[in-house]
Amino acid sequence: MPLGSEVLRLDRVGKRYPMGDVIVDALVDASFTLNEGEAVAILGPSGSGKSTLMHLLGFLDSPSSGEILFEGRPVAVLTESQRARIRAEKIGFVFQAFNLLPRLSVRANVALPLAYHGSPPADAADRVSRALELVGMTNRAHHKPGELSGGQRQRVAIARALVNEPRILLADEPTGNLDTKTAAAILDLFKELNRLGRTIVVVTHSPEIAANFRRQLHVRDGRVTEGGSA
Amino acid sequence: MNRLFSGVGNGFAEIWGHKLRSLLTVSCVMLGVASMVLTTGFMEGFFKNWEDSLQDQGGVEKIFVTAQGVKERQEPFAAVSPGLTLADARALRALVPQIGVISPEIDAARPRLARKGKTFEGRRGARVMGVTNAILEINRYEVATGRAFSELDLADDSEVILIGSKIRETLFAPGEEPLGAFIDFNNRPFRVIGVLRKYERLWGDYNTLDWKNEICFVPVTTMATKIQRSDRLSFLNFKAVDISLLREAVDAGANVLAQQHRGIIDFSVRTNEEQLASFASTKASFVIGGSAIAGVSLLVSGIGIMNLMLASINERVREIGIRKAVGATPFNIFSQFVAEAVTLSLLGGTAGVAVAVGLIKVLATTLPPGSTPLLSPSAFVVGFFFSVAAGVMAGIYPAIQAAKLDPIEALRYE
């Protein structure tokens, strides 16, 4: 995939939903393009609509208006199963709360997306090992998430997001539950991954964290504006 | 296929994660399947016993003629009938071609068997019958050693006797040769010409066929002339040549007998048919009743599984959200939950079959003979199949609920 080619494009995307009696516009006319190899921070205070944007980018939610295109194809026409397939094969998610399955071992957690591939790759075991190596968690492969520290858990979650070699990595407040030192290490990991060519989108409320990324998108009251580069 | 196995694997992990809850559910299914297998086992044991006893009475082609009191309006003339005699047997033989073997039988009243100071005291005393070789065929006896009666034995009213295995064991020492020896029957010496096979069908320690071993046969002519001193028969049994000629044989036989008895109906002609019909209808109603009981128990186990699955989904909303976020399709989620339900019911089903086998083995040794349940392979297959079916049916609704969950809501869920 050539560097700079388009991965995701939003065309005047809006999202509104009822909250009690009021209709909330969580997102209004958001238009931007995410290209291969970019490192983007989506910056906004809590309640600004950045989580909604994140869910839309991962097709976990559908827009009320406008169009989202993945690799140039509109997402709206896909069935839920087709979207799930794209999530399994081309998108990696990292959450603030790690969201590991507590009863599965680290290895099994990392392998989870591979089970949902159309045809499970033959080198699944290798891929899991490589992903764990990349985040430096090889020696904890057989532990349960409960036996790990917050930083280690987030590394496992990142390994899980990377195991399917996704075109785009979406991270929602990945350092929100971590102390400053651990957060810095995780940010270094993201930077390293981007240097290796991975497209990365990080959602955060913290300008300091956003400053680590070349491109910034500001979200305020549901409106997305292009921010300055760090 | 691979997916299914990984689903079952996940199922095991999930079951292990909630040991107590899973144990309760598995017990539900186990009790359901065990009660089903056990109920079926009892029914099959009961009917097998009944069927065997029908066979021991000579099967369906057999026709019984017994003496019976006459109707009131014939009472003044009853004396003109000679009753059931050897002559009836000869008449049937000559006149009814639909009849195959005919067995005229005289049951000796209070027989006494003795040899060298030893007497036979069986469970109900010995039974000595005057017969022809036809009884061997009709009532399924075999001569183990020696011979059956010859034409001459019957023509000469010979004092010869065929003895049952119990009689031989009692009156003869082990290793002593019974053939050619004499035993006293009502103070008359009879020469032993044959020993009958030993019959055995055990229910625990009890041999239900012992009555076949406590019997002796002498020629019916000898019994008539020398012991009973009349040729009046106790029973006259015969068999139709073929089961399709049963009705004709009964009607023709009844006609000949009425003629012989000068119109006095002092006998009845019966077949095993009524017994067979009642056997079939009883069996049918038992099968329906038994299925209903088994159905209810499986329904209960199905509800148990569904309850567990619904509870487990509420607990695992977040897990479902995570799985969806990393790419699980609704069908993936659906099949995961169905696989868990199937795993639970398979475990329960296996345990249920094992429990049922154990119980049947124990009951077979403790219950009185004739009412013990039978290990029936078909019951296992059916019990197993239904437990899995109940698991799938009970798993489908919760699995659909799980598959429908909105991933965002699920991820937010704490």
Side-chain angles (χ1 to χ4, degrees), chain A residues 15 17 26 51-52 54-62 78-105 108-120 122 124 144-145 157 159-164 166 170-172, chain B residues 1-22 308 311-340 343 399-414:
Chain A
K15 178 71 186 176
Y17 47 80
S51 284
T52 304
M54 169 89 176
H55 292 145
L56 288 171
L57 291 178
F59 330 142
L60 289 174
D61 207 350
S62 308
L78 301 176
T79 64
E80 202 183 334
S81 296
Q82 288 168 320
R83 289 180 213 179
R85 178 66 56 81
I86 294 178
R87 271 203 299 280
E89 294 177 0
K90 297 189 170 172
I91 297 177
F93 269 106
V94 178
F95 302 93
Q96 175 174 1
F98 321 131
N99 281 345
L100 300 174
L101 297 183
R103 270 191 289 280
L104 300 184
S105 70
N109 263 292
V110 172
L112 202 58
L114 297 177
Y116 298 125
H117 267 238
S119 51
K144 292 279 166 67
R160 181 179 66 189
L162 290 173
V163 76
N164 51 8
L170 300 175
D172 188 0
Chain B
M1 208 60 205
N2 200 10
R3 282 277 159 75
L4 182 68
F5 281 128
S6 85
V8 172
N10 278 335
F12 272 115
E14 194 50 42
I15 287 158
W16 198 243
H18 297 102
K19 291 182 200 66
L20 179 65
R21 199 169 63 185
S22 307
L308 172 88
S312 132
I313 285 165
N314 279 334
E315 241 174 53
R316 291 158 65 192
V317 166
R318 198 175 178 82
E319 174 192 332
I320 295 163
I322 296 168
R323 286 184 185 271
K324 284 197 163 184
V326 302
T329 61
F331 181 74
N332 290 146
I333 303 290
F334 172 81
S335 49
Q336 178 191 344
F337 278 87
V338 170
E340 283 187 26
T343 309
I400 289 174
Q401 295 301 309
K404 279 205 307 214
L405 274 179
D406 178 2
I408 299 174
E409 287 299 319
L411 281 172
R412 262 192 217 131
Y413 190 89
E414 293 295 339

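Remember, it's a predicted structure, so these values are computed and weren't measured experimentally.
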Student: Is the backbone of B:Lys324 close enough, under 3.5 Å, to the side chain of A:Arg87 for a donor and an acceptor to pair up by distance?
Tutor: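 At least one qualifying donor-acceptor pair exists.
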Student: Drop me the distance from B:Arg318's CZ to A:Leu101's CG, to the nearest 0.5 angstrom.
Tutor: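 B:Arg318 CZ to A:Leu101 CG: 10.0 Å, rounded to 0.5 Å.
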Student: Measuring heavy-atom distances to chain B, does A:Arg160 have an atom under 4.5 Å in its side chain, in its backbone, in both, or in neither?
Tutor: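 Answer is side chain: those atoms of A:Arg160 sit under 4.5 Å from chain B.
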Student: Looking only at heavy atoms, what is the nearest atom pair of A:Ala84 and B:Ala328, with distance?
Tutor: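 Looking at all heavy atoms of both residues, the closest pair is CB-O, 3.6 Å.
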Student: Could you check which of A:Gly58, A:Pro113, A:Pro102 has the highest count of heavy-atom pairs closer than 4.5 Å to chain B?
Tutor: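 Among the listed options, the one with the most contacts to chain B is A:Pro113.
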Student: Could you look at A:Leu100 and say if it's the side chain, the backbone, both or neither that has a heavy atom under 4.5 Å from chain B?
Tutor: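 For A:Leu100, the contact with chain B is made by the backbone alone.
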Student: To the closest 0.5 Å, what do you measure between CG (B:Leu411) and CD (A:Gln96)?
Tutor: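 Those atoms lie 12.5 Å apart.
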Student: If I measure from the heavy atoms of chain B, does A:Phe59 come under 4.5 Å with its side chain, its backbone, both, or neither?
Tutor: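 Neither the backbone nor the side chain of A:Phe59 comes within 4.5 Å of chain B.
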Student: Quick check: closest heavy atoms across A:Phe93 and B:Ala325, and the distance to 0.1 Å?
Tutor: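 Distance-wise, the nearest heavy atoms are CD1-O, 3.4 Å.
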Student: How long is the straight-line distance from CD of B:Glu319 back to CG of A:Leu112, given to the nearest 0.5 Å?
Tutor: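 One gets 8.5 Å once the value is rounded to the nearest 0.5 Å.
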Student: Nearest 0.5 Å please: distance from the CD atom of B:Glu409 over to the CG atom of A:Leu60.
Tutor: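 One finds 12.0 Å between CD of B:Glu409 and CG of A:Leu60.
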Student: Hey, what do you get for CD1 (B:Ile333) to OH (A:Tyr116), rounding to the nearest 0.5 Å?
Tutor: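 Those atoms lie 5.0 Å apart.
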